[in-house]
Amino acid sequence: MNPSDFSIAQLRAAYRAGDLNPTDAISAIASAIDDKDDEIGGYLSYDPESALAEAEKSDINLPLGGVPIAIKDLINVKGQPCSCGSKILDDNYTAPYDATVIRKLREAGAIPFGRANMDEFAMGSSNENSGIKICRNPHDLDRIPGGSSGGSAAVVAANTAIAALGTDTGGSIRQPASHCGVVGVKPTYGRVSRYGLVAFASSLDQIGPITKTVEDAALLTKIIAGSEAKDSTCLDEPVPDYTEAVGKDIAGLKIGLPKEYFSEGLDPRVKEHVQAAIRKLESQGAETVEISLPNTEFAVATYYIIATAEASANLARFDGVRYGHRADGPTDLISHYKKTRAEGFGPEVKRRIILGTYVLSSGYSDKFYAKAQKVRTLIRNDFTTAFEKVDVIASPIAPTPAFKIGEKATDPLAMYLADIYTISANLAGICGISVPCGTVVEEGKQLPVGLQILGKPLGEFDLFRAASAAENE
Ligand code: GLN
């Protein structure tokens, strides 16, 4: 087996057995990237030299000693580019400091290696909004890998990475993980520090792992979780050892099946796999009960008001004054802003800034933004009520398997509607995981399908318990 095919657990075992050392592993991954990534486009940049230098010094006795982790290109790693998939930063921006998650990974011995492709500023569900280049699904190169963490999921699925970090604002870890047949975790809002993450929608964003196994996901979540003063939204709660949930029995675990998530619009082939995975959980002693999340139909509208409003404020900082792209030949300050932002941002980002500015503008903010906040509370209450009866919730991740590149590109609304099963978790602040549960064959290609498990706030332990029971051997 090529070291780039390994999971974190396999890589650590090979190091400890003395069969492999971190520099050889990095070299093997770098050559896998050289071989495969031109076709896939999972990486925006990678620097084997500095990774090799770090590998030479690595301590394999640490929990992630010598383990390379690919990083979505909007999390700052000191000295590395951080383009956010945007031309506005791609020109010349180098991160001046490490994000907290990177500091934690380094303390555990990991090596941040490679910048993963993404939709520009994490806005999208297909990676087609990358301002830099397209990313393809390794299972079928004509299809999207999902988004916005499409690169992170594609490199893990293509075995050009051991594991990766992504971000999830409305499904951007879980949905690409599902489309690429890997595991992806959106931790509870506040579980993981966002210090050093370039913000998209601050009340929704979370950083989480994309991995080959549930065990790896539990380990990475444990390492990056925890509070700190630099992100005041962090929850000051102890971090359990999530790895202990892996393989733990699920007898008596109560699983809610939201009827709104299994209705109209769900591809019957996806439904079949998700239901089979649920039966697999039942056969291990879990109890299932039908539940209702009655405000689900308002989730897409609510999300696309709140997320765009927050994005319009967060993206104001990209003005070409202190960093990033700067347009030539402005006549005054306003023309400098206009030209820089018109040249630097792609069409989806512009659409969101315009939408977000509109829903916040005087005379409209009560009608849109304030109302969306109220509906958000109703959506959160739906989950609070449901979690009084059940421990976790199981559902599909996406209504269909990965679609063809270009298929939805001209219809942003169709793309937004496909987020229906993932965005409520962000609005409610709860945790969720995507775990592979089968494949659908189309045109001779095996297209992965994911099972979503949603957990209570800080309920990650039960999430890993259920996901490990559902995991395909
Ligand atoms: N697809 C959603 C959007 O376009 C989610 C993005 C995300 O989670 N970053 O906003």
Side-chain angles (χ1 to χ4, degrees), residues 71-75 84-86 116-131 135 144-153 164-180 184-189 192 194 197-210 299-312 314-315 345-356 359 372 376 397-400 402-403 408-409 411-434 450 452 454:
I71 309 293
K72 186 176 181 180
D73 204 19
L74 79 174
I75 299 172
C84 300
S86 180
N117 201 352
M118 56 182 285
D119 285 302
E120 185 174 4
F121 287 104
M123 298 175 187
S125 311
S126 67
N127 223 111
E128 290 165 294
N129 298 336
S130 171
C135 178
I144 57 107
S148 65
S149 312
S152 299
L165 289 188
T167 58
D168 192 312
T169 304
S172 278
I173 287 175
R174 289 161 289 155
Q175 184 257 23
S178 171
H179 286 331
C180 290
V185 181
K186 180 204 109 62
T188 303
Y189 186 75
V192 176
R194 285 100 41 90
L197 163 69
V198 179
F200 160 14
S202 308
S203 77
L204 302 159
D205 299 337
Q206 268 296 286
I207 300 172
I210 296 185
V300 173
T302 305
Y303 170 86
Y304 279 95
I305 290 172
I306 292 173
T308 57
E310 294 181 10
S312 73
N314 276 327
L315 270 59
F345 289 137
E348 181 63 23
V349 174
K350 287 178 184 155
R351 182 180 298 121
R352 304 242 184 154
I353 293 173
I354 292 167
L355 248 169
V359 299
R376 179 177 191 171
I397 291 277
T400 65
F403 47 87
K408 292 197 205 302
D411 187 354
L413 197 57
M415 191 90 88
Y416 299 170
L417 289 171
D419 291 339
I420 180 72
Y421 307 132
T422 51
I423 50 187
S424 294
N426 302 74
L427 290 167
I430 61 175
C431 55
I433 190 168
S434 174
Q452 171 164 252
L454 298 172

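Both ligands and their constituent atoms are indexed starting at 1 by order of listing. Note that the structure is predicted; figures quoted are calculated from it, not measured. Values reported hereafter were calculated over all heavy atoms of this structure, with side chains retained and with hydrogens, waters and symmetry mates removed.
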Is any N or O atom of Phe200, backbone or side chain, closer than 3.5 Å to an N or O atom of ligand 1?
no
Distance only, no hydrogens: is a donor on one side chain within 3.5 Å (strictly under) of an acceptor on the other, for Asp168 and Asn426?
yes
Residue pair Asn117 / Ser130, side-chain donor-acceptor N/O under 3.5 Å:
yes
In ligand 1, the atoms that come under 4.0 Å of a heavy atom of Tyr303 are 2 (C), 3 (C), 5 (C), 6 (C), 10 (O)
Over 60° means perpendicular and under 30° means parallel, so classify the ring planes of Tyr304 and Tyr416, tilted if in between.
parallel
So, does Tyr416 sit close enough to ligand 1 that a heavy atom of it is under 4.0 Å from the ligand?
no
Using a distance-only test with no angle check, is there a side-chain donor-acceptor pair under 3.5 angstrom linking Arg376 and Ser203?
yes
Gly171 heavy atoms within 4.0 Å reach ligand 1 at atoms 8 (O)
Could you point out which residue of Cys180, Ser434, Ser149 forms a side-chain contact (heavy atoms from CB on, under 4.5 Å) with Ile210?
Ser149
In this structure, atom 3 (C) of ligand 1 is nearest to the protein heavy atom Tyr304 OH, 3.3 Å
Numbered atoms of ligand 1 (with element) below 4.0 Å of Met123, judged on heavy atoms
4 (O)
The side chain to side chain contact (heavy atoms under 4.5 Å, CB included) partners of Ala301 (sequence neighbours excluded) come to none
Would you say the side-chain atoms of Asp119 pair up with the backbone N or O of Asn129, donor to acceptor, closer than 3.5 Å?
yes
Report the C-alpha separation of Ile397 and Tyr421 in whole Å, then their side-chain angles, then the decisive distance to 0.1 Å, and conclude whether the side-chain contact (heavy atoms from CB on, under 4.5 Å) test is met.
CA-CA 6 Å; Ile397 291 277; Tyr421 307 132; 5.9 Å; no
Please work out, at 4.0 Å between heavy atoms, whether the side chain, the backbone, both, or neither of Asp419 comes within that distance of ligand 1.
side chain
Can you tell which of Arg352, Arg174, Met415 gets a heavy atom nearest to atom 4 (O) of ligand 1?
Arg352
At under 4.0 Å between heavy atoms, which part of Ser172 makes contact with ligand 1: side chain, backbone, both or neither?
both
Below 4.0 Å from ligand 1: does a non-hydrogen atom of Ala307 turn up there or not?
no
Show which atoms of ligand 1 fall inside a sub-4.0 Å distance from at least one heavy-atom site of Ala122.
6 (C), 7 (C), 9 (N)
In the protein, what heavy atom is nearest to atom 1 (N) of ligand 1, and what distance, to one decimal place, separates them?
Ser125 OG, 2.7 Å
Does the Asn127 side chain pair with the main chain of Gly150, one donor and one acceptor, at a distance under 3.5 Å?
yes
Using atom types as modelled and distance alone, determine if a side-chain donor or acceptor of Arg352 lies under 3.5 Å from a backbone N or O of Ser312.
no
Taking N or O atoms only and a 3.5 Å limit, does Gly124 qualify as a polar contact for ligand 1?
yes
Just distances here: any N/O of Gly170 and N/O of ligand 1 closer than 3.5 Å?
yes
Measure the distances from the heavy atoms of Gln175 to every atom of ligand 1 and state whether one is below 4.0 angstrom.
no
